Amino acid sequence: MTTDLAVIAFAQNPDPEARERILTLVRDAGAEIERFSTVRVTGPGSAGPDAEVPGYNAFTARVHGTEASALLAALRPDPLSPLLPGVDVNVVPTTMLDPERKKLLVMDVDSTLIQQEVVEMLAAHAGPEAEAEVTAVTEAAMRGEVDFTQSLVARVETLAGLPASAIDEVRAAVRLSPGAHVLIKAFLREGHAVAAVSGGFLGVLTPLAEQLQLTRHAANLLEVADGRLTGRIVGDVVDCTAKERFLRTWAAELDVALEDVIAVGDGANDIDMVTAAGLGVAYNAKPALRAVADAQINLPNLDAVRFFADL
């Protein structure tokens with residue numbers, strides 16, 4: 001069975017011969033190339049319209065006449081790495097590029113939508129030992145080495161006694177990932193929906209979601225008593241399973257088919273939502289997520305995601 005596909009590749013400083021190598025691999029897999037384009041992308045970042053953002057090249061080829069499995073096998077990352085160093089090559093169905101189909105973009109927050117890990121920033125207010133402990137546990141959780149819920153509960157316990165004002169200070173210090181603002185504006189401008197779901201905290205995410213005019217958002221709620229953090233979370237933890245549940249709920253509410261949902265994350269806690277989406281994207285991700293994602297972006301510019309929807 002044949003299908004129409006799009007081959008989308010990204011590179012910051014591509015080998016001049018990378019384009020021809022990609023085209024040769026596509027043809028060798030039995031595909032016929034309908035259209036091919038190369039775009040040099042730069043633009044405003046999270047810090048404002050004049051901020052410098054790492055530029056990159058985007059290669060897009062629409063192809064037909066081959067089985068998806070054959071093309072995926074020809075372009076899988078491991079054997080490509082020596083042939084195309086520094087180039088991410090992805091294969092997506094052309095339905096993703098259809099402007100008539102409403103899309104839902106769902107993003108993880110820490111180390112995806114924003115550059116930092118919020119729980120680590122809060123732990124820094126509790127002292128260097130707490131920060132080091134929380135950082136180590138966070139990294140292990142994102143690699144999938146420890147249970148996320150148990151690890152988050154333990155990390156939040158280290159925050160007990162901090163003044164609630166620490167949340168406001170962290171919120172003021174977080175920075176969007178390069179290209180995030182451009183990406184969100186592009187989706188919203190074309191009538192698509194954008195959501196963020198986080199294993200972090202509403203105290204940071206809600207103001208950010210309002211600023212960015214996100215369609216939906218969800219995260220954990222830190223308990224506060226007498227103006228201080230108690231070291232506990234109110235209600236159920238937003239974990240890997242909850243992220244997938246929010247994705248499915250939002251898609252249903254917004255009348256978006258699951259095959260038209262793009263989910264982006266960086267860690268093991270994003271595996272369920274990334275595999276549930278029509279297109280799951282690993283953004284500068286840990287190996288556990290890269291192994292199951294449909295597409296990869298390994299350059300520091302979140303704006304690249306919009307090419308998966310032809311925006």
Side-chain angles (χ1 to χ4, degrees), residues 46-47 106-142 146-177 180-181 184 194-247 249-250 253 264-270 272-273:
S46 60
V106 181
M107 292 178 287
D108 171 50
V109 178
D110 294 25
S111 297
T112 301
L113 176 61
I114 65 173
Q115 299 177 42
Q116 300 88 356
E117 291 285 337
V118 167
V119 69
E120 295 176 9
M121 297 174 75
L122 285 169
H125 287 262
E129 289 187 8
E131 182 182 14
E133 176 185 346
V134 166
T135 298
V137 175
T138 298
E139 291 176 351
M142 292 303 99
V146 297
D147 178 79
F148 178 83
T149 297
Q150 292 178 357
S151 73
L152 182 64
V153 169
R155 284 176 285 166
V156 170
E157 286 176 352
T158 68
L159 308 179
L162 283 181
S165 59
I167 299 174
D168 298 326
E169 293 177 29
V170 167
R171 182 173 64 230
V174 298
R175 294 292 179 266
L176 292 175
S177 292
H181 197 250
I184 292 167
V194 182
V197 60
S198 176
F201 312 113
L202 285 171
V204 171
L205 178 55
T206 295
L208 187 62
E210 293 173 350
Q211 173 192 335
L212 295 171
Q213 298 182 315
L214 300 185
T215 314
R216 296 284 192 279
H217 73 279
N220 297 297
L221 178 62
L222 290 171
E223 185 180 66
V224 176
D226 299 322
R228 293 189 175 275
L229 302 184
T230 67
R232 293 187 293 270
I233 291 171
V234 179
D236 295 333
V237 170
V238 177
D239 59 5
C240 190
T241 301
K243 285 187 171 186
E244 179 189 356
R245 185 170 64 250
F246 277 115
L247 180 149
T249 298
W250 292 335
E253 290 175 352
V264 187
D266 74 294
N269 190 40
D270 301 311
D272 287 4
M273 77 168 187

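Here the structure is a predicted model, which means the values were calculated and not measured. One-based numbering along the sequence shown.
In this structure, CG on Asp236 lies 7.0 Å from CZ on Arg245, to the nearest 0.5 angstrom. The CE atom of Met273 sits 12.5 Å away from the OG1 atom of Thr241 when rounded to the nearest 0.5 Å. In this structure, CD1 on Ile114 lies 8.0 Å from CG on Leu176, to the nearest 0.5 angstrom. With rounding to the nearest 0.5 angstrom, the CD atom of Glu117 is 4.5 Å from the CG atom of Asp110. Expressed to the nearest 0.5 Å, how far CD1 of Ile167 lies from CG of Leu229 amounts to 5.0 Å. Interatomic distance, Leu162 CG to Glu169 CD, rounded to the nearest 0.5 Å: 9.5 Å.
Nearest heavy-atom pair across Ala173 and Met121 is CB-CE, 3.7 Å. Across all non-hydrogen atoms, the minimal contact from Ile233 to Leu222 is CG1-CD2, 4.5 Å. Between Val224 and Ala164 the shortest heavy-atom distance is CG1-CB, 4.0 Å. Residues Ala268 and Cys240 come closest through the heavy atom pair O-SG, 3.9 Å. In this structure, Gly161 and Arg228 approach most closely via the heavy-atom pair O-NH1, 2.6 Å. Val156 and Arg232 get closest at one heavy-atom pair: CG1-N, 3.8 Å.
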Could you walk me through whether Glu253 and Arg216 satisfy the salt bridge (Lys or Arg N to Asp or Glu O under 4.0 Å) test, starting with their C-alpha distance in whole Å, then the side-chain angles of each, then the deciding distance to 0.1 Å, before giving a yes or no? CA-CA 10 Å; Glu253 290 175 352; Arg216 296 284 192 279; 3.1 Å; yes
Determine whether Leu113 and Asp108 satisfy the following criterion, side-chain contact (heavy atoms from CB on, under 4.5 Å), listing intermediate values before the conclusion. CA-CA 6 Å; Leu113 176 61; Asp108 171 50; over 6 Å; no
Given side-chain contact (heavy atoms from CB on, under 4.5 Å), test His125 with Val170 step by step and report yes or no. CA-CA 9 Å; His125 287 262; Val170 167; 3.9 Å; yes
Might you work through the side-chain contact (heavy atoms from CB on, under 4.5 Å) test for Phe246 and Val238, ending with a clear yes or no? CA-CA 9 Å; Phe246 277 115; Val238 177; 4.2 Å; yes
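The shortest side-chain heavy-atom distance between Val174 and Val118 falls under the 4.5 Å cut-off.
No side-chain donor-acceptor contact under 3.5 Å links Gln116 to the backbone of Ser111. In this structure a side-chain-to-backbone donor-acceptor pair under 3.5 Å is missing from Asp239 to Thr149.
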Cut-off 3.5 Å, no hydrogens considered: what does the side-chain donor-acceptor table look like for residues 194-213, sequence neighbours left out?
from   : atom 1 : to     : atom 2 : distance (Å)
Ser198 : OG     : Gly200 : N      : 2.6
Thr206 : OG1    : Leu202 : O      : 3.2
Thr206 : OG1    : His217 : NE2    : 3.0

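Take Glu157 and apply the side chain to side chain contact (heavy atoms under 4.5 Å, CB included) test, not counting sequence neighbours, and it matches Val153.
Note on Asp272 versus Lys243: no salt bridge recorded, every NZ/NE/NH1/NH2 to OD/OE distance being 4.0 Å or above.
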